[in-house]
A.B. asks: 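My questions all concern the structure below.
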Protein chains: 2
Amino acid sequence: MTKPSWKVKPVAEKGARDLRQRAEEYLEALRKRGCRRTEQRRLIIETLLESEGEHLNARELMERVQSKDPTIGFATVYRTLIVLGETGLVHSFDQGEGFARFDIPDQAMHFHILCRSCGKMEHLADETAKEKIIEGWVKEAGYEMVPQTFQVFGLCSDCRDKVETAPDVSPEVTCCGRRRRGWTR
Amino acid sequence: MTKPSWKVKPVAEKGARDLRQRAEEYLEALRKRGCRRTEQRRLIIETLLESEGEHLNARELMERVQSKDPTIGFATVYRTLIVLGETGLVHSFDQGEGFARFDIPDQAMHFHILCRSCGKMEHLADETAKEKIIEGWVKEAGYEMVPQTFQVFGLCSDCRDKVETAPDVSPEVTCCGRRRRGWTR
DNA sequence: GTGCGTGCAAATAGTTTGCAGATTG
DNA sequence: CAATCTGCAAACTATTTGCACGCAC
């Protein structure tokens with residue numbers, strides 16, 4: 001909500017070294033799981049870190065990675081996402097689009113609310129407080145919390161109004177101009 | 001948790017009329033959205049009602065539907081699920097399997113906790129109380145609550161132990177014998 | 001009768017996999 | 001040197017769509 005526009009790319013020059021540094025930490029975590037340290041993985045991790053909060057999908061991620069090294073292919077990106085996911089370094093989720101988006105959580109988990117009608121997505125307020133509550137539920141069930149992005153569906157105010165006045169909107173019509181696949185997962 | 005075994009099919013004879021009755025209500029809701037009342041849709045809705053709580057996927061649903069009318073095809077099942085979803089009568093979600101499962105929520109919202117390592121799924125306790133909390137968050141964000149299944153990921157006690165003793169489990173090995181796609185959504 | 005709904009089969013799209021060669025430890 | 005990774009292309013699978021016909025309204 002405080003984000004001025006989507007697709008901001010805050011590649012602060014001063015952050016470039018940090019980036020390399022942080023990528024190293026991720027590579028180190030992978031190495032502990034028996035993975036090798038490759039240039040491709042480093043590039044993919046750096047790109048994920050650069051685009052933190054943008055929730056890229058596999059194709060978008062690959063395009064950015066390819067802008068740095070055009071030889072990197074789909075398979076490598078997917079395979080890297082899989083090991084990162086298994087190590088808990090990347091979380092993936094489906095915003096009801098029918099494909100996965102990826103998040104490299106810095107420290108806090110994210111809380112998304114999505115409009116079931118138009119697909120618009122926002123973050124809930126006080127994500128940390130809410131995370132604590134959810135963590136309680138997880139422990140209560142005897143599970144250990146893992147990094148993730150929570151998603152809740154609702155009807156945004158725009159769509160609610162439209163439903164009230166016209167309950168039989170054509171399935172193609174969305175209130176916010178975004179497309180939607182057959183159903184919202 | 002009180003469910004004795006999965007794949008129970010409580011088609012109580014006394015419930016048969018209820019079923020027809022309830023299916024009618026769903027058809028009526030669809031009609032209000034401008035959809036026509038067809039025999040196929042009635043069959044699909046009845047089958048969904050019968051399998052409440054089983055979280056069938058599209059193929060499983062289709063197989064049950066086809067056991068009543070073998071001429072019904074995939075496309076019809078999918079298309080019916082889409083209109084039901086748009087009308088809020090069916091909720092779909094991905095348990096990290098890479099495909100959708102469907103739920104016809106009676107009244108209460110469901111809360112699933114899934115083990116990120118083995119894919120095991122359980123319901124959280126006190127779903128009604130938790131629903132209230134989530135509903136508060138949804139309203140706080142200016143959205144209207146819609147029926148849904150809320151999913152949280154964690155590590156079950158079995159998998160946690162295994163991770164502690166062997167952090168580098170082969171990706172193929174799972175603690176509960178269930179397969180898992182590349183990553184957990 | 002008009003137009004939505006259906007069944008079929010073919011098309012899409014996201015993701016996974018087999019393989020031969022390159023790279024890492 | 002052996003094992004893991006990579007890039008490519010082909011395979012897979014879930015889901016969607018075009019089309020001709022049938023049925024609901």
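Predicted, not measured: the structure shown is a model, and the values here were computed from it. When reading the values below, keep in mind they use all heavy atoms of this one structure, side chains included, and skip hydrogens, waters and symmetry mates. Within every chain, numbering begins at 1; the chains are lettered A, B, ... in the order of the sequence lines, protein sequences first and strands thereafter.
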A.B. asks: For B:K139, give me all partners under side chain to side chain contact (heavy atoms under 4.5 Å, CB included), at least two apart in sequence or on another chain.
C.D. replies: B:E135

A.B. asks: Could you tell me how far apart B:I82 (CD1) and D:dA14 (P) are, to the nearest whole angstrom?
C.D. replies: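 Taking atom P of D:dA14 as the reference, CD1 of B:I82 is at 16 Å.
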
A.B. asks: Take atom CD of A:E97 and atom P of D:dT16, then tell me their distance rounded to the nearest Å.
C.D. replies: 13 Å

A.B. asks: Return the set of residues passing side-chain hydrogen bond (donor to acceptor under 3.5 Å, both in side chains) with A:T149 (not counting sequence neighbours), or none when no residue passes.
C.D. replies: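 Result, side-chain hydrogen bond (donor to acceptor under 3.5 Å, both in side chains) vs A:T149: A:H91, A:D103.
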
A.B. asks: Would you kindly compare A:N57 and B:I72 by the position of their nearest DNA chain C nucleotide and give the one closer to the 5′ end?
C.D. replies: B:I72

A.B. asks: Atom CG of A:L56 and atom C1' of C:dT15: how far apart are they, to the nearest Å?
C.D. replies: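 My rounded result for the distance is 17 Å.
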
A.B. asks: Assigning hydrophobic clusters by single linkage (Ile, Leu, Val, Met, Phe, Trp, Tyr; side-chain heavy-atom cutoff under 4.5 Å), is B:Y78 placed with B:I44?
C.D. replies: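 Yes; tracing contacts between hydrophobic side chains, which count when under 4.5 Å, links both residues.
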
A.B. asks: Bend across the helix from C:dG1-D:dC25 to C:dG25-D:dC1, to 10°, with axes taken over 5 pairs at each end?
C.D. replies: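 Inter-axis angle at the termini of the helix from C:dG1-D:dC25 to C:dG25-D:dC1: 40°.
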
A.B. asks: B:R37: what forms a side-chain hydrogen bond (donor to acceptor under 3.5 Å, both in side chains) with it, not counting sequence neighbours?
C.D. replies: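 Listed in chain order: B:E24.
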
A.B. asks: If you compare every side-chain N and O of A:Y78 against the phosphate oxygens of C:dT16 (OP1, OP2), does one of them come in below 4.0 Å?
C.D. replies: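 No, A:Y78 has no side-chain N/O under 4.0 Å of OP1/OP2 on C:dT16.
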
A.B. asks: Could you check how far CG of A:L27 sits from P of C:dT24, rounded to whole Å?
C.D. replies: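 Distance check: A:L27 CG to C:dT24 P gives 12 Å.
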
A.B. asks: Could you please name the option among C:dG7, C:dT15, D:dT15 that lies closest to any side-chain atom of B:A75?
C.D. replies: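 Of the options given, the side chain of B:A75 lies nearest C:dG7.
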
A.B. asks: Nearest-Å distance, NZ (A:K32) to P (C:dG25)?
C.D. replies: 16 Å

A.B. asks: I need the CZ-P distance between A:F99 and D:dT16, as an integer number of Å.
C.D. replies: 13 Å

A.B. asks: Which residues satisfy the side chain to side chain contact (heavy atoms under 4.5 Å, CB included) test with B:I134, sequence neighbours excluded?
C.D. replies: A:W137, A:V152, B:M109, B:F111, B:W137, B:V138, B:M145, B:F150

A.B. asks: Where along residues 36-47 of chain A does a heavy atom come under 4.0 Å from DNA chain C, residue by residue in number order?
C.D. replies: A:R36, A:R37

A.B. asks: Kindly assign one of parallel, tilted or perpendicular to the pair B:H55 and B:H112, based on the angle between their ring planes and the thresholds 30° and 60°.
C.D. replies: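 It falls in the perpendicular class, over 60°.
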
A.B. asks: Whole angstrom is fine here: how far is it from CD in A:E86 over to C1' in C:dT16?
C.D. replies: 13 Å

